[in-house]
Amino acid sequence: MVRVTLLAMRHWLLKSEPAVFGFNDLVRVGREPWNGVRNYQARNFLREMRAGDLCLFYHSGARPTGVAGVARVAREAYPDDLQFGLGGPYFDPKSTPEAPRWSMVDVEPVLAFPGVVTLETLRTLPEWQDSPLTRKGTRLSVLPVTPEQFLAALEAAGLSPEDLESD
DNA sequence: GCCAACGTTGGC
DNA sequence: GCCAACGTTGGC
């Protein structure tokens with residue numbers, strides 16, 4: 001039994017376009033490297049993640065936009081292999097295997113929300129008034145979430161922390 | 001070190 | 001498809 005202790009870990013929000021890779025895709029594959037992050041602030045957050053940290057899986061560029069489920073960090077930061085993919089969209093000529101510039105983590109699905117908790121809903125929650133997500137003009141694709149924000153999102157989905165516990 | 005140009009993100 | 005906001009690049 002894994003007891004989820006919300007205060008003992010950090011929480012995050014990961015954005016993804018469901019037309020490219022949605023929460024259902026994560027459920028289907030079981031585990032996925034979170035690669036392709038090419039923003040330094042987002043990269044630094046990836047590097048702060050610890051195994052077991054819980055992440056809100058956010059659908060951007062979707063109808064509606066919002067949180068579709070909860071994922072868990074399965075492997076802590078390691079070099080993003082796409083930065084060495086010559087000719088690929090995430091190739092970085094300034095990066096070397098000796099000094100990799102970009103990192104990725106592995107994530108796995110924990111729980112799909114019964115319905116998407118929309119951005120519109122999040123904006124109504126007191127806990128979410130001060131977040132890079134709801135602040136205008138912020139485009140961070142990886143951002144920290146407070147335990148209160150995480151809990152509020154869970155509750156808005158009609159769930160409780162007990163729903164995250166697994167054997 | 002400044003800053004204009006450009007590319008990207010992401011809501012609508 | 002539009003466009004506001006932002007990060008990055010590169011000339012100087």
Side-chain angles (χ1 to χ4, degrees), chain A residues 10-29 32-49 53-73 77-107 109-146 148-159:
Chain A
R10 296 193 66 186
H11 300 79
W12 309 92
L13 183 143
L14 299 172
K15 290 182 188 174
S16 185
E17 297 183 30
V20 178
F21 190 85
F23 191 78
N24 288 342
D25 296 307
L26 183 61
V27 171
R28 179 171 47 81
V29 300
E32 181 75 4
W34 207 260
N35 52 24
V37 172
R38 294 295 179 270
N39 169 284
Y40 286 105
Q41 199 178 355
R43 179 205 68 181
N44 292 340
F45 287 138
L46 285 179
R47 290 180 176 177
E48 291 178 25
M49 291 183 178
D53 281 1
L54 294 176
C55 308
L56 298 175
F57 194 113
Y58 181 88
H59 283 175
S60 62
R63 292 217 307 248
T65 62
V67 179
V70 176
R72 177 193 292 121
V73 177
Y78 60 110
D80 180 343
D81 48 6
L82 297 182
Q83 67 196 305
F84 309 122
L86 190 61
Y90 295 105
F91 175 67
D92 185 345
K94 294 176 183 167
S95 193
T96 65
E98 294 74 28
R101 175 177 294 196
W102 304 109
S103 300
M104 62 184 178
V105 299
D106 286 356
V107 296
V110 174
L111 181 66
F113 281 180
V116 172
V117 175
T118 64
L119 177 59
E120 187 183 14
T121 296
L122 291 177
R123 289 191 199 280
T124 68
L125 303 176
E127 294 86 351
W128 282 88
Q129 295 310 301
D130 183 32
S131 166
L133 183 75
T134 51
R135 207 172 302 143
K136 190 181 180 187
T138 309
R139 302 171 309 175
L140 264 185
S141 64
V142 179
L143 53 109
V145 160
T146 68
E148 292 79 14
Q149 287 168 344
F150 186 85
L151 191 58
L154 262 191
E155 288 174 348
L159 300 169

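Below, chain A is the first sequence line, B the second, and so on; all start at residue 1. Not measured: the values here are computed from a predicted model.
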Task: Interface residues of residues 58-65 of chain A with DNA chain B (non-hydrogen, below 4.0 angstrom) - done: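 Contacting residues: Y58(A), S60(A), G61(A), T65(A).
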
Open item on the list: Within the 4.5 Å heavy-atom criterion, are R28(A) and D25(A) side-chain neighbours or not?
Closed with: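 The answer is yes; the side chains approach within 4.5 Å.
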
Task: Side chain to side chain, M104(A) and D81(A), heavy atoms closer than 4.5 Å - done: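 When only atoms from C-beta onward are counted, D81(A) and M104(A) do touch, with a gap below 4.5 Å.
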
Task: CG-CZ distance between D53(A) and F150(A), expressed to the nearest 0.5 angstrom - done: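 The CG atom of D53(A) sits 10.0 Å away from the CZ atom of F150(A).
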
Task: T138(A) side chain vs L140(A) backbone, donor-acceptor pair below 3.5 Å - done: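 Pair absent, no side-chain N/O of T138(A) close to backbone of L140(A).
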
Open item on the list: I need the full list of salt bridge (charged side-chain N to carboxylate O under 4.0 Å, His left out) pairs touching residues 12-21 of chain A, with sequence neighbours left out, sorted by first then second residue.
Closed with: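 Qualifying pairs: none.
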
Task: Pair listing, salt bridge (charged side-chain N to carboxylate O under 4.0 Å, His left out) test, anchored in residues 109-129 of chain A, at least two apart - done: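 The answer is none; no pair qualifies.
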
I'd like a table of donor-acceptor pairs (distance under 3.5 Å, sequence neighbours excluded) in which one partner is a side-chain atom from residues 83-92 of chain A, with atom names and distances.
from: Q83(A); atom 1: OE1; to: S95(A); atom 2: OG; distance (Å): 2.5
from: Q83(A); atom 1: OE1; to: R101(A); atom 2: N; distance (Å): 3.0
from: Q83(A); atom 1: OE1; to: W102(A); atom 2: N; distance (Å): 2.9
from: Q83(A); atom 1: NE2; to: D80(A); atom 2: O; distance (Å): 2.8
from: Q83(A); atom 1: NE2; to: W102(A); atom 2: O; distance (Å): 2.8
from: D92(A); atom 1: OD1; to: K94(A); atom 2: N; distance (Å): 2.9
from: D92(A); atom 1: OD2; to: W102(A); atom 2: NE1; distance (Å): 2.8

Open item on the list: Considering every strand and a 4.0 Å limit on heavy-atom distances, what is the contact class for L140(A): base, sugar-phosphate, or nothing?
Closed with: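 It contacts sugar-phosphate atoms only.
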
Task: DNA chain B: 5'-most and 3'-most nucleotides touching chain A, 4.0 angstrom heavy-atom criterion - done: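 Nucleotide range with atoms under 4.0 Å of chain A: dG7(B) to dG11(B).
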
Task: Evaluation steps, side chain to side chain donor-acceptor pair (under 3.5 Å), between T121(A) and T118(A) - done: CA-CA 5 Å; T121(A) 296; T118(A) 64; 3.0 Å; yes

Open item on the list: At 10 degrees resolution, what angle do the end axes of the helix from dG1(B)-dC12(C) to dC12(B)-dG1(C) form when each is taken over five base pairs?
Closed with: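 The end-segment axes of the helix from dG1(B)-dC12(C) to dC12(B)-dG1(C) are tilted 10° relative to each other.
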
